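None of these values were measured; they are calculated from a predicted model.
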Amino acid sequence: MNPLSAEDFVAWADRLAKLSWPLTLDAFRPAAVGFGWSPTDRPWEFVVDFSNGTRRMVLFGGRSGGIHNMSFPLIKPPGESAEDAAQLNELFVSYETTGTQAWGKPFYTDPSEDPTVAWRLPNHTVAEIVGGPDMILSTFFTPQGSFIYG
């Protein structure tokens, strides 16, 4: 999987933050289609075409049908070699730097084995990245979502 650029990560989160939250899945569908996202046979999943390739965007919600958060991998290298680990580390720093330039200092950071960085965005939303040994995951939290770090 080709890495999503740091600029595309920021643009994606900014676009979502500007929506009129809270939204149900049914209310979100027209916006998703307007973004160019393609629905799948799973109601809480979309295929998103980014400049660096497609990603499956998975939405998570509550019983009321409200969207709590959505996640997709920014990168998932083909293996777990030393080169892949180095690429993940470099890309994580790139996402963190670009996010901080766009949104200011993160309100949450955890430099543990699976480093995490999160920023507050407009409309009480949150953008988060989590690094790991096999991917970097991006999650966007809506105001209905439960961001556990504050």
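Nearest heavy-atom pair across Ala17 and Thr125 is CB-OG1, 3.4 Å. Across all their heavy atoms, Thr40 and Val47 have their closest contact at CG2-CG2, 3.6 Å. Shortest non-hydrogen contact noted between Asp114 and Pro133 is OD1-CD, 3.7 Å. Of all the heavy atoms in Asn123 and Leu19, the pair that sits closest is ND2-O, 3.2 Å. Closest approach of Gln87 and Pro3 over heavy atoms only: NE2-CG, 4.2 Å. Considering every non-hydrogen atom in both Leu137 and Pro73, the closest pair reads CD1-N, 3.9 Å.
Annotation: side chain of Ile75 is not in contact with side chain of Met135 (no heavy-atom distance under 4.5 Å). Looking only at side-chain heavy atoms (C-beta outward), Ser138 and Phe72 come within less than 4.5 Å of each other. Residues Pro115 and Glu96 are not in side-chain contact: their nearest non-hydrogen atoms beyond the backbone lie 4.5 Å or more apart.
Between Phe35 and Trp12, the ring center distance fails the sub-6.0 Å criterion. In summary, the aromatic rings of Trp37 and Phe28 are positioned with their centroids under 6.0 Å apart.
Taking hydrophobic clusters as Ile, Leu, Val, Met, Phe, Trp and Tyr residues chained together by side-chain heavy-atom distances below 4.5 Å, Leu16 shares a cluster with Trp44. In terms of hydrophobic clustering, with Ile, Leu, Val, Met, Phe, Trp and Tyr side chains grouped at heavy-atom distances under 4.5 Å, Leu25 and Met57 are assigned to a common cluster. A continuous path of ILVMFWY side-chain contacts below 4.5 Å connects Val10 to Val48, so both sit in one hydrophobic cluster. Hydrophobic clustering keeps Tyr108 apart from Val130 (ILVMFWY residues linked when any side-chain heavy atoms are closer than 4.5 Å, directly or through intermediates).
Considering Tyr95, Phe140, Phe107, Trp103 in turn, Trp103 is the only one that fulfils the ring-ring contact (aromatic ring centres under 6.0 Å, His included) rule with Trp119.
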